[in-house]
Asker: 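Have a look at the structure that comes next, please.
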Amino acid sequence: MDAVRLIVTSRRALAIGGGVPDLLTEVWQAQALAQAIGSRLALVGPPQLRDEATGLADLAGHGIGVLDRTPLDSGEPRAARLTELGDTRACLMHLGGLLGDVGIALVGIACAADDEATYWSCVEAIDAADEARDRVRDMLRKLADREAAPPRREAV
């Protein structure tokens, strides 16, 4: 499935919300999708984005790890359905929005947390999502810079 369609599905699922377990599951799904997109961009994306894409995958992986939970009875992760990235710019723009939504959901969970462990794992996951979103912005900036640069002429 196309990355943008998966991202839109994740954003809708986060917006629907539900209880804390459901929201944490959707945060996990979104972080796993960000990790998969970052990994795919690192392998087959534009060469100037590969370092940032690797960093994105690492940060999203950290966001998954600090939550220390896997989706409850949600079957296969959405990220496993990723088959193509499509337009890199559109993919990154949507992914940036998803990571913003993840941060907002985690702030809500942290504010309502009854225990310190949940609170602090949410704070770490918020930091990871925010840093991942920064990587996405950096990649979008690099794409814009590349498009704004005059075309290079080949020597004749």
Asker: Got a second to check how far R141's CZ is from L92's CG, nearest 0.5 Å?
Answerer: 12.0 Å
Asker: Return the minimal non-hydrogen interatomic distance between R146 and P46, and the atom names on each side.
Answerer: NH1-CB, 3.8 Å
Asker: Looking only at heavy atoms, what is the nearest atom pair of A125 and L67, with distance?
Answerer: CB-CD2, 3.9 Å
Asker: Indicate yes or no: at least one non-hydrogen side-chain atom of L14 is less than 4.5 angstrom from one of L98.
Answerer: yes
Asker: With a 6.0 Å cut-off (strictly less than), is the heavy-atom count around CG of D115, excluding the residue itself, greater than 12?
Answerer: yes
Asker: Do the side chains of I37 and L6 get nearer than 4.5 Å, heavy atoms only?
Answerer: no
Asker: Does some side-chain heavy atom of L56 sit less than 4.5 Å from a side-chain heavy atom of M139?
Answerer: yes
Asker: What is the minimum heavy-atom distance between I7 and C91, and which atoms define it?
Answerer: CD1-O, 3.6 Å
Asker: Indicate yes or no: at least one non-hydrogen side-chain atom of L143 is less than 4.5 angstrom from one of Q48.
Answerer: yes
Asker: Which pair of non-hydrogen atoms, one from Y119 and one from A113, has the smallest distance, and what is that distance?
Answerer: N-CB, 3.9 Å
Asker: Counting C-beta onward and ignoring hydrogens, is there a side-chain heavy-atom pair between L99 and Q31 closer than 4.5 Å?
Answerer: yes
Asker: Mind checking the CZ-CG spacing from R133 to L59? Nearest 0.5 Å is all I need.
Answerer: 14.0 Å
Asker: Is the backbone of L82 close enough, under 3.5 Å, to the side chain of R40 for a donor and an acceptor to pair up by distance?
Answerer: yes
Asker: What about M93 and L95, same hydrophobic cluster or not, with Ile/Leu/Val/Met/Phe/Trp/Tyr joined at side-chain heavy-atom distances under 4.5 Å?
Answerer: yes
Asker: So, R135 and D138, do they make that salt bridge, N to O below 4.0 Å?
Answerer: no
Asker: Indicate, with yes or no, if V123 and I64 share a hydrophobic cluster defined by side-chain heavy-atom contacts under 4.5 Å among Ile, Leu, Val, Met, Phe, Trp and Tyr.
Answerer: no
Asker: Are I104 and V102 joined in one hydrophobic group, where the rule is that I, L, V, M, F, W and Y side chains link up if heavy atoms are under 4.5 Å apart?
Answerer: no
Asker: Can you list every side chain to side chain donor-acceptor pair (under 3.5 Å) pair that touches residues 50-60, not counting sequence neighbours?
Answerer: E52-K142
Asker: If you compare all heavy atoms of A57 against all heavy atoms of G38, which two are closest, and at what distance to 0.1 Å?
Answerer: CB-C, 4.0 Å
Asker: When clusters are formed by joining ILVMFWY residues with side-chain heavy atoms under 4.5 Å apart, either directly or through shared neighbours, do V20 and I126 land in the same one?
Answerer: yes
Asker: Enumerate the residue pairs fulfilling side chain to side chain donor-acceptor pair (under 3.5 Å) with a member in residues 83-99, sequence neighbours excluded, ordered by first and then second residue.
Answerer: R89-E147
Asker: Test: side chain to side chain donor-acceptor pair (under 3.5 Å). Region: residues 1-21. Which pairs qualify, not counting sequence neighbours?
Answerer: S10-R78, R11-D101
Asker: Kindly give the heavy-atom pair with the smallest separation between A105 and L23, and that separation in Å.
Answerer: CB-CD2, 4.5 Å
